[in-house]
2 protein chains.
Amino acid sequence: METKLYQGDCLELSKTIPDNSIDLVYLDPPFFTQKVQKLGARDRRKAFSFSDVWRSLDEYADFIFLRLREFHRVLAATGSIFFHCDHNASHVARLLLDEVFGKKMFRSEIIWHYRRWSNSQRSLLPAHQNLYFYSKTDEYKFREVLQEYSPSTNVDQMLQKRARDEFGKSAYARNEDGSLIPDGYKKGVPLSDVWDIPFLNPRAKERVGYPTQKPVLLLERIIEISTDESDWVLDPFCGSGTALVASILLKRNSIGIDISQEAIEVSRKRLVNPEKTESYLLRRGRDTYQQADEDALAYLKGLDMVPVQRNSGIDALLKTGFQGGPVPIRIQRPGESLLDAARSLYNAAKTKNASVMILVATETGAGFDAASSIPPEVFVIDATANAIHRLLKELEEEKE
Amino acid sequence: METKLYQGDCLELSKTIPDNSIDLVYLDPPFFTQKVQKLGARDRRKAFSFSDVWRSLDEYADFIFLRLREFHRVLAATGSIFFHCDHNASHVARLLLDEVFGKKMFRSEIIWHYRRWSNSQRSLLPAHQNLYFYSKTDEYKFREVLQEYSPSTNVDQMLQKRARDEFGKSAYARNEDGSLIPDGYKKGVPLSDVWDIPFLNPRAKERVGYPTQKPVLLLERIIEISTDESDWVLDPFCGSGTALVASILLKRNSIGIDISQEAIEVSRKRLVNPEKTESYLLRRGRDTYQQADEDALAYLKGLDMVPVQRNSGIDALLKTGFQGGPVPIRIQRPGESLLDAARSLYNAAKTKNASVMILVATETGAGFDAASSIPPEVFVIDATANAIHRLLKELEEEKE
DNA sequence: AAAGTAAATGAATCAGTAA
DNA sequence: GTTACTGATTCATTTACTT
């Protein structure tokens, strides 16, 4: 396996790469932020024409266009290109790719979706970037990647064969007597074009101090669907070298180019020991954080609260707070004693400056008898069902 | 509230709309594709095709450009436009919007993400569409919508204030004694630009046989973030009228235009009873299947009861009964007064030999003040949320 | 009791935004 | 520009649970 690194302009350097020798080009050029000139007021009445816009698209388009032509040349007939950009450049990227590769070679617009911080209140929180996937010809490589079925999928859907009905519509295949024809278990659903991959966190070890660094997992997925082992990957704006790391991990050859000497040095250091951070979130999935179980929260229907996931003692916080402090809420678990629940709540909330903590009692029986040893900050509230039982019990006793 | 429907070319018809009179334009023009759209499952024999007029990109761009200028004119200074398209037209849409509204008026690229079935093996499964959100000026309306915190967010993040330490670094704010300074009120996080909304289930009631029909929830979200009540919404390619339905549900005025007589008729029928059929997925999340009309019964979580289906006064019966008679239960409905709810329960249950009837109070506010006129058989129980509010109110008063 | 593991949670950072 | 504020994530540390 080879990994080559060059410092310089990728336009010049890619000219030294032979025709049809590369299987995948991944490019993540600097984001486009320049202004595009508008048509003058006198042109307003004119019909819109692309040539006008084209002319007004400045050096950025030019810059990319020249390089795309080289990348097209070096790609093998079975090769693909993935163009990474954000909303500033996405339309420019599309136009240029259509121009150089051809409209019909468009394969997918991939949305890389992540969650991120920000206090934006006058706009939606940006939480995605775009990748355009084009192939050089119709003979492009595409390695099938399957994902798990969605949890709401019907078992029949996974098991049954399809056929066409008399109008050409797809339907479950049936025998003459109308019974369904089962099929073997299918392996999963095809990978969708929206990829939920966590943004590389500022604290991640994987970070090498390069601000635009991409997660290795994103690059691995791109390489997996479009290449085979020992194929050649080219990243002409390689930055901190994530594509090269992913290539090494997946046993692909790779060429990285960057204009910045610093980027090359960062990459070179990183390639000595190519690593992928196996963060908890990536390894185990988002669901593992979901510990505030739906079941418990259901008791709080109609309450204006925020569920709390990462704390074993607190299930939710009241949105309004109380006298400047938060109001933590806990639901008694099945089988858990009221006293245990109260202690667990108290311990989790005591450092949070809460003057009122609320415990919702869900278990009938024992009830408030243990009340004496419950900390004074903890107020016990009956769940509706419990309140009903208590009422009936009281009525019963009254009668006696 | 007004809802107007016109059949004709939106270019001509929008010329009759006064300047600055519209608050939101939502447009979902026929997708730019060579394929002819076919009618859905409802009636396969009837051919339903958008006139496949656009033979070249320029022609399509011209068509849209002329209309966008009109939409820009009719928009108020605080108004916004949402342009719905898929990957075939997204770059064209961006260029035209940049041209007509200005590059700086770009607000967001919204990704509508959905899951659906396909057997595509040579490509990624298309699972999103794009919406471009532009405003007419910088004074655009934007109504804050909040979502829940990500599961990986910890309580301290939600609760604690920040400050700068002596080196100017951000840190949690502390008192002199080292204790943390809390911040009780937290509302949630800003809405992101990737919206996970299920594709309209082919079986949903909402479906009226129009191939490109959008979920009402998608349109509701667009209308909510960009308009206030009684604002004007314009949908110049209204199709089956989803934007109009959402406008009615959210108490906005609206104008729908479509070139097809059939679309206008479909819309007109639909507007008679604008109904929102929420899919299973939306109501309860992806992993739970839930019976219909569970909304009220959710308050009774943990109670051993039988739901009552065909009785407007009684929601459930306690399985155990009380002193030989049944125990009917009713949940107070949103907006319903406690007294009304009590009467409705009493009337429904008086012939059922019940000595105890239970009314669950879900609305905060008025409370038990009307208790005097409630029949003695009816016992009012606070829903958990209500009990919590009552407790906090009492604590507040104690302190005074 | 001591040691080793797993889980809980506190601290820190930012191709974030807003005024 | 400059400064203040945000929350998703992950690292580091503490606490809790096993042997």
Side-chain angles (χ1 to χ4, degrees), chain A residues 28-33 84-89 112-130 196-215 217 237 239-240 242 263 276-286 288-289 291-292 306 308-314 317 328 340 343-344 347-352, chain B residues 107-108 138 142 144 146-165 167-174 178-183 185-194:
Chain A
D28 174 28
F31 283 177
F32 172 59
T33 48
H84 191 136
C85 57
D86 74 351
H87 61 78
N88 290 301
W112 171 31
H113 171 41
Y114 46 83
R115 274 148 254 259
R116 219 193 357 199
W117 63 87
S118 171
N119 66 341
S120 80
Q121 280 156 29
R122 291 272 297 151
S123 66
L124 297 166
L125 182 58
H128 75 274
Q129 288 175 17
N130 310 50
D196 192 344
I197 295 177
F199 189 81
L200 200 58
N201 198 69
R203 297 293 313 255
K205 266 190 199 151
E206 189 182 315
R207 277 222 166 190
V208 291
Y210 212 80
T212 67
Q213 200 180 334
K214 305 291 180 296
L217 186 71
F237 299 91
S240 58
T242 306
K276 174 168 74 161
T277 313
E278 282 289 341
S279 81
Y280 187 77
L281 182 60
L282 277 176
R283 200 170 58 240
R284 310 288 289 278
R286 202 167 295 284
T288 49
Y289 281 100
Q291 38 183 234
V306 195
V308 170
Q309 305 288 354
R310 279 189 53 188
N311 190 294
S312 59
I314 301 170
L317 291 169
D340 284 348
R343 282 192 184 136
S344 163
N347 284 333
K350 65 186 171 193
T351 59
K352 311 277 188 278
Chain B
R107 296 295 152 215
S108 292
D138 278 331
F142 189 83
E144 195 183 43
L146 296 170
Q147 288 184 311
E148 282 183 8
Y149 285 87
S150 158
S152 52
T153 305
N154 56 27
V155 208
D156 299 293
Q157 290 280 6
M158 302 180 196
L159 283 180
Q160 283 153 213
K161 270 194 183 141
R162 304 289 186 94
R164 301 267 157 198
D165 68 9
F167 306 111
K169 293 246 174 183
S170 172
Y172 294 130
R174 286 171 190 280
S179 64
L180 291 157
I181 301 170
D183 192 3
Y185 184 81
K186 293 275 171 164
K187 340 166 225 60
V189 299
L191 188 62
S192 106
D193 61 3
V194 179

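Just so we're on the same page: letters track the sequence lines, and every chain starts at 1. When reading the values below, keep in mind they use all heavy atoms of this one structure, side chains included, and skip hydrogens, waters and symmetry mates.
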Q: Nearest whole Å is fine: how far is D:dC11 C1' from B:D156 CG?
A: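 After rounding, the reported distance stands at 15 Å.
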Q: Classify the nucleic acid contact of A:S118 as base, sugar-phosphate or nothing, counting any heavy atom under 4.0 Å across all strands shown.
A: base
Q: Quick one: the side chain of B:Q157 and the base of D:dT6, do they pair up donor-acceptor inside 3.5 Å?
A: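 Such a pair does not exist between side chain and base.
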Q: How many whole angstroms separate atom CH2 of A:W117 from atom C1' of D:dC5?
A: 14 Å
Q: On DNA chain D, does the nearest nucleotide to B:G188 precede the nearest nucleotide to A:R203 from the 5' side, or the other way round? Give the residue.
A: B:G188
Q: Please tell me which of the listed nucleotides, D:dG7, C:dC14, C:dT9, lies nearest to the side chain of A:R207?
A: C:dC14
Q: So, is A:S120 near the phosphate of C:dG16, with a side-chain N or O under 4.0 Å from OP1 or OP2?
A: no
Q: Measure from CG on A:N347 to C1' on C:dA8 and round the result to the nearest Å.
A: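 Value for this atom pair: 12 Å.
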Q: Looking only at the side chains, is there a donor atom on one of A:D86 and A:N88 sitting less than 3.5 Å from an acceptor on the other?
A: yes
Q: Calculate the interatomic distance between A:D340 atom CG and D:dA16 atom C1'; express it in whole Å.
A: 15 Å
Q: Could you state the CZ-P distance from A:R310 to C:dA11, rounded to the nearest angstrom?
A: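 For the pair A:R310 CZ and C:dA11 P, the rounded distance is 13 Å.
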Q: Taking A:W112 for its side chain and A:I197 for its backbone only, find out whether a donor-acceptor pair lies under 3.5 Å.
A: yes
Q: Donor-acceptor check, side chain of A:R115 to backbone of A:A127, threshold 3.5 angstrom: yes or no?
A: no
Q: At under 4.0 Å, does any side-chain N or O of B:S150 touch on OP1 or OP2 of D:dT9?
A: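 For D:dT9, OP1/OP2 do have a side-chain N/O of B:S150 under 4.0 Å.
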Q: A:D28 pairs by side chain to side chain donor-acceptor pair (under 3.5 Å) with which of A:H84, A:Q129, A:K214?
A: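 The residue from A:H84, A:Q129, A:K214 that satisfies side chain to side chain donor-acceptor pair (under 3.5 Å) with A:D28 turns out to be A:K214.
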Q: Can the positive tip of A:R122 be found less than 6.0 Å from the middle of the six-membered ring of B:F142, inside 45° of the ring normal?
A: no
Q: When we call it a touch if two heavy atoms are under 4.0 Å apart, what does B:Y149 touch: a base, just sugar-phosphate, or nothing?
A: sugar-phosphate
Q: Return the value, rounded to whole Å, for the distance between atom CD of A:Q309 and atom C1' of C:dT9.
A: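 Whole-Å distance recorded here is 15 Å.
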Q: Using both pair distances under 3.5 Å as the test, note the stems of at least 3 consecutive Watson-Crick or G-U pairs that include DNA chain C.
A: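 Consecutive-pair runs (3 or more) involving DNA chain C: C:2-14 with D:7-19, C:16-19 with D:2-5.
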Q: Tell me: CG of A:D86 to P of C:dT17, nearest whole Å?
A: 11 Å
Q: Mind checking if A:G239 touches a base, just sugar-phosphate, or nothing, with heavy atoms under 4.0 Å?
A: nothing
Q: Heavy atoms under 4.0 Å, any strand shown: does A:Q121 hit a base, just sugar-phosphate, or nothing?
A: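 If one applies the 4.0 Å heavy-atom cut-off, A:Q121 turns out to touch the sugar-phosphate alone, with no base involved.
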Q: So, applying side chain to side chain contact (heavy atoms under 4.5 Å, CB included) with A:Q309, which one of B:S150, B:S152, B:P151 is it?
A: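 Going through B:S150, B:S152, B:P151 one by one, the side chain to side chain contact (heavy atoms under 4.5 Å, CB included) with A:Q309 is satisfied by B:P151 alone.
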Q: According to a strict under-4.0 Å criterion, is A:K352 in side-chain N/O contact with OP1 or OP2 of C:dG10?
A: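 Answer yes for this pair, as a side-chain N or O of A:K352 is under 4.0 Å from OP1 or OP2.
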Q: Looking at A:N311, I'd like to know whether one of its side-chain N or O atoms comes within less than 4.0 Å of OP1 or OP2 on C:dT9.
A: yes
Q: Once you measure the plane-to-plane angle for A:F199 and A:Y114, does it fall in the parallel (<30°), tilted (30-60°) or perpendicular (>60°) bin?
A: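 Correct class here is tilted.
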Q: Is B:D193 salt-bridged to B:R107, going by a charged N under 4.0 Å from an acidic O?
A: no
Q: Starting from P on D:dA8, measure out to CG on A:L200 and report it in whole angstrom.
A: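 After rounding, the reported distance stands at 17 Å.
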Q: For D:dT10, does the base pair up with any side-chain atom of A:R115 as donor and acceptor (N or O, under 3.5 Å, distance only)?
A: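 Answer is no: no donor-acceptor pair is held.
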Q: So, under a plain 3.5 Å distance rule, would you say the side chain of A:N119 forms a donor-acceptor pair with the base of D:dT6?
A: no
